[in-house]
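Working notes, structure below.
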Amino acid sequence: MVKSGCRPVSISASFVSMSCALGIVATFCVPFSAQGKASGSARDAKPITDGTSDPAIPYTVTLTPTTQPDLDAAIVASSQLKSLQTSHTVGAYALAGRIRSDYERVTGALESQGYYAGAVTISVHAGARTVDGKDPALPDILKELGKNQKVAITVRATTGPRFSLGTVVLTMPPPEQPPEHSQKQPSVVSHTSAQGTAPSGRTSAPPASTAVAATSGQAIAQAEPVTLSATELKAFGLKPGQPAVAADVLAAQNSLLNELQEEGYATATVSTPLAYLRPHDQKLDIVFRVSRGPKVVIGPIAMTGLKQTNQSYLMNRLELREGEIYRPSRIEAARQDLAATGVFSSVQVRNNPPIVTLPATKTLMPGVLQAMPIEFSFREAKRRTLSAQVGYSTDLGGRVGVSWTHHNLLGNAEQLRLTALVTGLGGSAQQGLGYDVYADFMKPDFLSKGQNLSVRLEGIRQLLYSYHQTAIIGRAGLNRHIGRYWNVSGGVLGEQEQIKQFGDTRSYFIIAAPLNATFDNTQLANPIDPATHGVRASLSVTPSESLESGSSFFTLLSAQVSTYFDLHHLGISRPGRSVIAVRGIVGSVQGASTYQIPPDQRLYAGGPATVRGFRYQGVGPQYGKTKYAIGGTSMDAGSVEFRQRLPMNLGVAGFVDAGQVGTGSRPGQGTLRVGYGGGVRYFTPIGPIRVDVALPMNRPAYGDKWELYFGLGETF
């Protein structure tokens, strides 16, 4: 029972999790003491000012550690003395006010971890004097300090016993009380409503109660109890006897609300918990007000804000259907899917009440006719963008170019990209300037959701030491996502080219049907970001027919796999800081010998894509004792790389690569070449900028002594 002299105490979890804000109301049943009155008056005191601009007083603050790391972190996060000591120095009166506010803030940190009988002591060492932080004369003492006198502040928290949860009860919201009745209540305690943000974007606040009961027993008696299902109990998770940590109480409130909404109760509410302290028992009783509301399905779906995008395209793409059970996770997944089209700067979704009644023929849940309308709102991004490309390596030289992209050509998220590059700006594998000009067209959801049509028309000229090539290439294909990690593609390709190799010029017309399958479970939102776990794998089969300069049929086979291991799993680094990356590549040409296939269709190695330390196409059979590569019909290569993140967005890497090219169709033939090296990384919001230097361990005749690579993103 509540004794005379009880007072409400607010406790907060904001010091535990910066994303949480708690409004638990606690009735603290202890008699007022002189210390308690002083604390209360300190909290209620108004800021003092002399109306002048006081000189700033620098100070140092020491937070005496407790035996609880979580509590120490909460105290550090709560203390304004600590957070503002270097960035916001203030005068005497403002500093005294900051000290007084830290009593309440550190006390809140104690209570957020369940220490409701703790105490806070703040000592101020001003010159030769040591003053209690609550001393009324503190502002004047600080003002009298000389220029060279220092102020040292020590904050010490005494925990006392840790409270545990007592009774944990869920009831329906109490009936609304008429105004005249609520005015007769002996004690009315206002409490802050905790708003639960539904995935629809609308906040869901609990029903208002005109009075807060003085004891947990009275609160329980105000309304009917609520019984949870086994699934709801598991989501709720709170049990009597566990530590009275405010963040856990808030997490239970949010988890239960999420579970109720996932079951179709779109208007469900779980109120801010009422908390009642029992100091003598060192317990905290908790009462939640829970209202399920009606079970609903998805109602009519509206879309607003569309200007250049066709609503019919989005409705066909949308996997959410009118009449299915209301589930915030499904609604959010639909929102993310629409945002992934790449034509919107923002996509929002919200409930659009009032609840409507659907005809029985429209609901997909028998017996559930009430429906919550949903509204998607869009803000379209710029339809046209211009970007530049730049890259450099000592073997391929520099390449510069520009791309123009239209992101919504016909109103259905079609993308058209025009690119022009100048290549061969220097480089040990180049003999002159070249170009690469191409137009890409991509139509998403072609014939089926998740299936994209891509078309490319390309003109290319490159003057490599291995061969000179001038070609026009056209290709078209379908790309389809399968499941969460798989992607498959297939298409057709036609290429008309002229190639000069070793003084012999020939023309080729090639028809091919490339088939590809890729697997990627690294789960990166930005594909340029370095992977820290998972596997990437690809398999390619390309049947090809060369119809000029002798007819030949051959099939290109290639496979590549890379995996990433975070040393955090061995307990020797923080997550994502130290990573070992491993890559393996094999390739084979079936059905034809080396000289029966066009030079550009042969297999080569060397460069960042295979073996660093050797120039592009610098690994494999060579023409006589020259630097001219012949190419081969088999290839294999492997890489091991260690990547280490450093402070200030920096990183380093060390690697060893090895590979070989042979003239047979079975990989593992040829002369094995090994390269090694290292590099630095600078991590930017769009990905790491990479600079690598590599050296050959067994350099061939006329091979380069070293290679330098510069680019964006890791090599694999």
Side-chain angles (χ1 to χ4, degrees), residues 393 395-396 429-430 460 462 464-469 471 473 493 495 497 499-502 504 506 508 510-518 537-546 549-550 552-562 583-624 626-639 657-675 696 698 700 703-704 707 715-716:
S393 63
D395 54 353
L396 288 177
Q430 300 276 7
I460 187 170
Q462 49 185 346
L464 302 170
Y465 268 97
S466 302
Y467 55 80
H468 296 179
Q469 178 193 32
I473 306 170
L493 176 148
E495 178 176 0
E497 64 181 2
I499 290 185
K500 179 181 180 181
Q501 186 179 46
F502 314 143
D504 182 23
R506 297 189 181 187
Y508 299 93
I510 301 170
I511 298 176
L515 303 172
N516 299 277
T518 61
S538 64
L539 177 65
S540 175
V541 179
T542 307
S544 305
E545 177 78 25
S546 179
S549 299
S552 63
F553 178 82
F554 54 94
T555 301
L556 299 174
L557 306 175
S558 66
Q560 177 171 321
V561 61
S562 58
R583 174 180 65 181
I585 307 170
V586 294
S588 174
V589 179
Q590 299 289 326
S593 63
T594 300
Y595 287 101
Q596 289 177 322
I597 60 179
D600 64 314
Q601 301 296 305
R602 301 170 192 169
L603 300 179
Y604 301 86
T610 50
V611 185
R612 287 164 287 188
F614 298 83
R615 66 174 175 266
Y616 179 67
Q617 299 181 338
V619 173
Q622 293 179 310
Y623 184 73
T626 69
K627 63 189 299 184
Y628 299 97
I630 298 174
T633 52
S634 67
M635 185 271 290
D636 55 274
S639 303
D657 297 347
Q660 57 196 336
V661 175
T663 56
S665 60
R666 178 178 55 84
Q669 305 177 57
T671 302
L672 184 67
R673 302 294 181 182
V674 180
N698 52 343
D704 294 347
E707 302 289 350
T715 52
F716 64 94

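What you see is a predicted model; the values in this text were computed from it and never measured. Atom set for the values below is all heavy atoms of this structure, side chains included, hydrogens, waters and symmetry mates excluded.
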* Asked: Is there a donor-acceptor pair closer than 3.5 Å between any side-chain N or O of Asp636 and the backbone N or O of Gly668?
  ->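 Yes; at least one donor-acceptor contact below 3.5 Å.
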* Asked: With sequence neighbours left out, what residues match Glu495 under side chain to side chain donor-acceptor pair (under 3.5 Å)?
  ->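 Residues passing side chain to side chain donor-acceptor pair (under 3.5 Å) with Glu495: Gln469.
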* Asked: Mind checking what makes side chain to side chain donor-acceptor pair (under 3.5 Å) contact with Arg602, not counting sequence neighbours?
  ->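 With sequence neighbours excluded, Arg602 shows a side chain to side chain donor-acceptor pair (under 3.5 Å) to Gln501, given in chain and number order.
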Going by the rule side chain to side chain contact (heavy atoms under 4.5 Å, CB included), which residues pair with [X] if we only count those two or more places apart in sequence or in a different chain?
X      : answer
Thr542 : Ala512, Pro514, Ser540, Ser544, Leu556
Leu464 : Leu396, Gln430, Gln462, Tyr467, Tyr616, Gln617
Pro598 : Glu497, Tyr508, Ile510, Ser546, Phe554, Asp600, Gln601
Leu539 : Ala559

To the nearest 0.5 Å, how far apart are [atom1] in [X] and [atom2] in [Y]?
X      : Y      : atom1 : atom2 : answer
Ser558 : Ile585 : OG    : CD1   : 9.0 Å
Thr594 : Leu603 : OG1   : CG    : 9.0 Å
Met635 : Tyr604 : CE    : OH    : 12.0 Å

* Asked: Around atom OH of Tyr623, are there more than 12 heavy atoms of other residues, nucleotides or ligands at under 6.0 Å?
  ->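 No.
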Grab the two heavy atoms, one from [X] and one from [Y], that are nearest each other, plus how far apart they are.
X      : Y      : answer
Val661 : Gly631 : CG1-C, 4.4 Å
Gly670 : Gln660 : O-OE1, 3.2 Å
Pro621 : Thr663 : CG-CG2, 4.0 Å
Ser466 : Ala629 : OG-CB, 3.3 Å
Phe614 : Glu707 : C-OE2, 3.8 Å
Val619 : Gly659 : CG1-O, 3.8 Å

The criterion is ring pair (Phe, Tyr, Trp, His ring centres under 6.0 Å); which residues satisfy it with [X], sequence neighbours excluded?
X      : result
Tyr595 : none
Phe553 : none
Tyr465 : Tyr628

* Asked: Does the side chain to side chain contact (heavy atoms under 4.5 Å, CB included) test come out yes or no for Arg666 and Ser634, once each step is laid out?
  -> CA-CA 6 Å; Arg666 178 178 55 84; Ser634 67; 5.9 Å; no
[X] versus [Y]: any side-chain heavy-atom pair under 4.5 Å?
X      : Y      : value
Ser538 : Gln560 : yes
Arg673 : Pro696 : no
Thr633 : Ser593 : no

Show me, pair by pair, the donor-acceptor contacts under 3.5 angstrom made by side chains of residues 605-613, not counting sequence neighbours?
unit_1, atom_1, unit_2, atom_2, d
Thr610, OG1, Gly606, N, 2.6
Thr610, OG1, Gly606, O, 3.4
Arg612, NE, Asp657, OD2, 2.7
Arg612, NH1, Glu641, OE1, 2.8
Arg612, NH1, Thr715, OG1, 3.4
Arg612, NH2, Glu641, OE1, 3.1
Arg612, NH2, Asp657, OD1, 3.1
Arg612, NH2, Asp657, OD2, 3.4

* **Residues which pass salt bridge (Lys or Arg N to Asp or Glu O under 4.0 Å) with Arg615, listed by chain and number, not counting sequence neighbours** =>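 Here the qualifying residues are Asp704.
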* Residues that Arg506 engages under salt bridge (Lys or Arg N to Asp or Glu O under 4.0 Å), provided they are two or more places apart ->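 If we apply the salt bridge (Lys or Arg N to Asp or Glu O under 4.0 Å) test to Arg506, skipping adjacent residues, the hits are Asp504.
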